Amino acid sequence: MMLNSEEQKRAAAIRAVTEAANGMVLGLGSGTTMTFAMAALGARIAEGLRIVGIPTSEKTAALARQYSIPLTSFDAHRRIDLTIDGADEVDPRSLNLIKGLGGALLREKIVAKASERMIVVVDESKIVSCLGRRTPLPIEIVPFGWQATCERLQDMGYRPQLRRNSKAPFVTENGNYIVDCAMGRMADPAAIAAQLAGITGVVESGLFIGLASTIIVGRQDSVEVIKK
Ligand code: A5P
C-alpha cells in the first residue's frame, strides 16, 4: 500500500513517539506533522506513560490539553530530554533543517537547543539534497525598523518578503514579524546562519544547524530512520 503525504506524516510521528519514556521532559514542536505526534502521545499517556511537555506554540498547547498531555515550562525545567518536531526541509546528510513556515521557529529553536535529543518527523517531500531548494527561509525580526532590517537582507542578496495575514503583517507569538527569504540552494547554511545572527533586528533564523539527532521520514512504503 502506498502512503500519501498525510499518512507518511502520521507514520513518522507514531514511530517518533515510541521514543518517549517514563519520567521524560519532552519538547513539543509545532505544525501539521506534530498534530499526529500529539495524538499518538495522548494515546500512550492514556495507556499509562508518564511525561511532561513544553509546548512551542499556543496551538500545540491546545492540542496537549485536548489529549490530556501534562504541560510544564522552563520555570520548572531547564533541560529537555527529547524534543519531537517537524521541519520544512531536511538535508539527510548533515541533518540540518529549515523550519518556521508555521511561524513558531523561535520557540522551537529555544526548545531544541535545551534538548538532549531532537527527533524530526517529516514526510518524504521534505527531504532535499541542498537546503533552500523548495522553501524560502523564514527569519523572525523585530517589528521596529523592519524596513531597515529588510534592506540589510536585500543588500546581502536574500530577497526578503514580509509575511502577511491578508494585509497586516503576520505577528508571531513573541510579538515579532517574519520575513521569508528566497535564498536558493545554500552551499554553506552554517555560514549563512552565522551571518544572519549578526544582523541587528534579526531575532532568529529558521536554519537549525547541528540540532537534530534523528530524522524519521515517512515514505510511500516504509518509515526510514536517519541518525547522525
Ligand atoms: C513551525 O514554525 C514549523 O517550524 C514547523 O515545524 C514546520 O513548518 C513543519 O510543519 P508541518 O509539519 O506542518 O509541515
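Order of listing sets the numbers, starting from 1, for every ligand and every atom in it. Quick caveat, the model's predicted, so the values are computed rather than measured.
- Between Glu204 and the options Arg107, Lys109, Lys99, a salt bridge (charged side-chain N to carboxylate O under 4.0 Å, His left out) holds for only Lys109.
- Comparing Glu140, Lys99, Glu89 by heavy-atom distance to atom 6 (O) of ligand 1, the nearest is Lys99.
- Nearest non-hydrogen protein atom to atom 12 (O) of ligand 1 is Thr33 OG1, 2.5 Å.
- Polar contact with ligand 1: absent for Gly31 (N/O pair, distance under 3.5 Å).
- Few gaps surround CZ on Arg134; more than 12 heavy atoms of other groups in view lie less than 6.0 Å from it.
- In Pro138, neither the side chain nor the backbone holds a heavy atom less than 4.0 Å from any atom of ligand 1.
- If you look at Asp85 next to ligand 1, the close heavy atoms, those under 4.0 Å, all belong to the side chain.
- Applying the 4.0 Å criterion to heavy atoms of Ala87 picks out, from ligand 1, the atoms 9 (C).
- The single protein non-hydrogen atom nearest to atom 11 (P) of ligand 1 is Thr32 OG1, 3.2 Å, given as residue, atom name and distance.
- Listed by first and then second residue, the salt bridge (charged side-chain N to carboxylate O under 4.0 Å, His left out) pairs that reach into residues 119-128 are Asp123-Lys126, Glu124-Arg219, sequence neighbours excluded.
- Against a heavy-atom cut-off of under 4.0 Å, Ser30 is close to the following atoms of ligand 1: 5 (C), 6 (O).
- Considering Lys59, Met34, Lys126, Lys9 only, the shortest heavy-atom separation from atom 14 (O) of ligand 1 involves Lys126.
- Using a cutoff of 4.0 Å between basic side-chain nitrogens and carboxylate oxygens, Arg10 and Glu7 are not scored as salt-bridged.
- Enclosure of atom CZ in Arg159 is not indicated, since only 12 or fewer non-hydrogen atoms of other residues, nucleotides or ligands lie within 6.0 angstrom.
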> Step by step, would you call Ile54 with Phe74 a side-chain contact (heavy atoms from CB on, under 4.5 Å)?
Replying inline: CA-CA 8 Å; Ile54 298 184; Phe74 282 103; 4.2 Å; yes

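- Other residues, nucleotides and ligands contribute at most 12 non-hydrogen atoms within 6.0 Å of the CZ atom of Arg93.
- Remark: ligand 1 atoms within the under-4.0 Å shell around heavy atoms of Asp88 are 7 (C), 8 (O), 9 (C).
- Residue contact check for ligand 1: Gly29 places no non-hydrogen atom closer than 4.0 Å to it.
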